[in-house]
2 protein chains.
Amino acid sequence: MAKTLTVAIAGDPAATGYERSCEGDASGTDHGRAIRDVLDRVGDKWSLLVVATLRDQRLRFTELQRHIPGISQRMLTLTVRQLERDGLITRTVHAEVPPRVEYELTELGGTLIELAMALADWAIENHPRIEDSRAAYDAVHPAR
Amino acid sequence: MAKTLTVAIAGDPAATGYERSCEGDASGTDHGRAIRDVLDRVGDKWSLLVVATLRDQRLRFTELQRHIPGISQRMLTLTVRQLERDGLITRTVHAEVPPRVEYELTELGGTLIELAMALADWAIENHPRIEDSRAAYDAVHPAR
DNA sequence: CGGCATCCGGGCAGATACTG
DNA sequence: CAGTATCTGCCCGGATGCCG
């Protein structure tokens, strides 16, 4: 999923303009890959939403799905698996009948959510300006 | 502000205020849409990279392309156009021969980049843990 | 209940060729 | 130099159906 992105940067770590953009970062470890990785997860359509939903509650699969309108079962499955793999959430299966699976934020996930909130703040605060800008742009640049 | 955010993103468990922000609704401000919009831009493969590259320098098209290895001409064109439309960067054409077009960050773009940097910091700091988690996960879950 | 397997359509992105 | 145009392949993501 993140392959192409990672390859693009990590494949050519030396020549990237990343050193410049990520001022002061020491060379050696390729931060490009780290950033790509995280960005891929954050930029993912559902990941942040799932993390945010689990922010202060533990939920089981169907509950989670109910809390995130529009997500398909498949996407939820894939998303939680990714998140679990990345150590952002935990998945606990209770040996019961019927089966019960609960998802919970890890501490790592908890730190991420704060950043996400900051981003959301920015989004809400600046969205009007963005929309205005778009309207203005569209007015000047007719159909293209 | 942060509270409305929580509701907007995480959804209100009780009232499903989320549905309104996600589905077609006619109510006033739509935070869900705002967040989605910004997330789409941030999550975009190249947008953040372009913004980051322009952080403290004004660049022309080809320079920009050189600074971002792996980006195709087409994608760069589309990306800068989007960013310009959203008011995150400016595009100035100098009436010369040969033509010279320079891209520069707007103030709005400048505020975004700081958040992006925070995210990058998080990425760099926590990436090892994520990788470890992935390795552990993959060890337990054989090829699926 | 909580998945996984499969099919399928649409859009994104790369490569290439052409222009003001 | 800074794009535009077109063609194409590929992956994302939705819908459906089956299983433990």
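Labels below follow one simple rule: chain letters A, B, ... track the order of the sequence lines, proteins then strands, and each chain is numbered from 1. All heavy atoms count here, side chains included; hydrogens, waters and symmetry mates do not.
Minimum atom distance to the side chain of A/R74 is reached by D/dG14, of the listed D/dA2, D/dG14, C/dG3. Of the candidate nucleotides D/dG3, C/dC4, C/dG14, C/dC4 has the atom nearest to the side chain of A/T77. In this structure, of D/dG3, C/dC1, C/dG2, it is C/dC1 that holds the atom nearest to the side chain of A/P98. Comparing C/dC4, D/dG3, D/dG14 by their closest approach to the side chain of A/S72 singles out D/dG14. Ranking D/dG20, D/dT4, D/dG13 by closeness to the A/P99 side chain, first place goes to D/dG20.
In this structure, CG of A/L59 is placed 15 Å from P of C/dC1, rounded to the nearest angstrom. If you measure from atom CE of A/M75 to atom P of D/dG13, you get 6 Å, rounded to the nearest angstrom. Look at OH on A/Y103: it is 4 Å from P on C/dG3, rounded to the nearest Å. Atom CD1 of B/I68 is separated from atom P of C/dG14 by 12 Å (rounded to the nearest Å). If you measure from atom CG of A/L76 to atom P of C/dC1, you get 15 Å, rounded to the nearest angstrom. The CD atom of A/E102 sits 9 Å away from the P atom of C/dG2 (whole-angstrom rounding). Taking atom CD on B/Q82 and atom P on C/dA13, their separation rounds to 10 Å, with Å as the unit. Taking atom CG of residue B/L78 and atom C1' of nucleotide C/dC12, one finds them 10 Å apart after rounding to whole Å.
At C/dG3, one or more side-chain N or O atoms of A/R91 fall inside 4.0 Å of OP1 or OP2 (strictly under the cut-off). Remark: B/K45 is not in phosphate contact with D/dC12, judged by side-chain N or O atoms under 4.0 Å from OP1 or OP2.
Considering only heavy atoms from C-beta on, B/D86 stays 4.5 Å or farther from A/Y137 through its side chain. B/T92 has its side chain within reach of B/E102: a pair of non-hydrogen atoms, C-beta onward, lies under 4.5 Å apart.
To the nearest 0.5 Å, atoms OG1 (B/T79) and CG (B/L88) are separated by 12.0 Å.
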I'd like to know whether A/V101 forms a side chain to side chain contact (heavy atoms under 4.5 Å, CB included) with A/R91, so could you lay out the CA-CA distance, the side-chain angles of the two residues, the decisive distance to 0.1 Å, and finally the verdict. CA-CA 7 Å; A/V101 179; A/R91 175 180 182 272; 3.8 Å; yes
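Within 6.0 Å of CD in B/E96 there are more than 12 heavy atoms belonging to other residues, nucleotides or ligands.
A donor-acceptor contact under 3.5 angstrom links the side-chain atoms of A/Q73 to the base of C/dC4.
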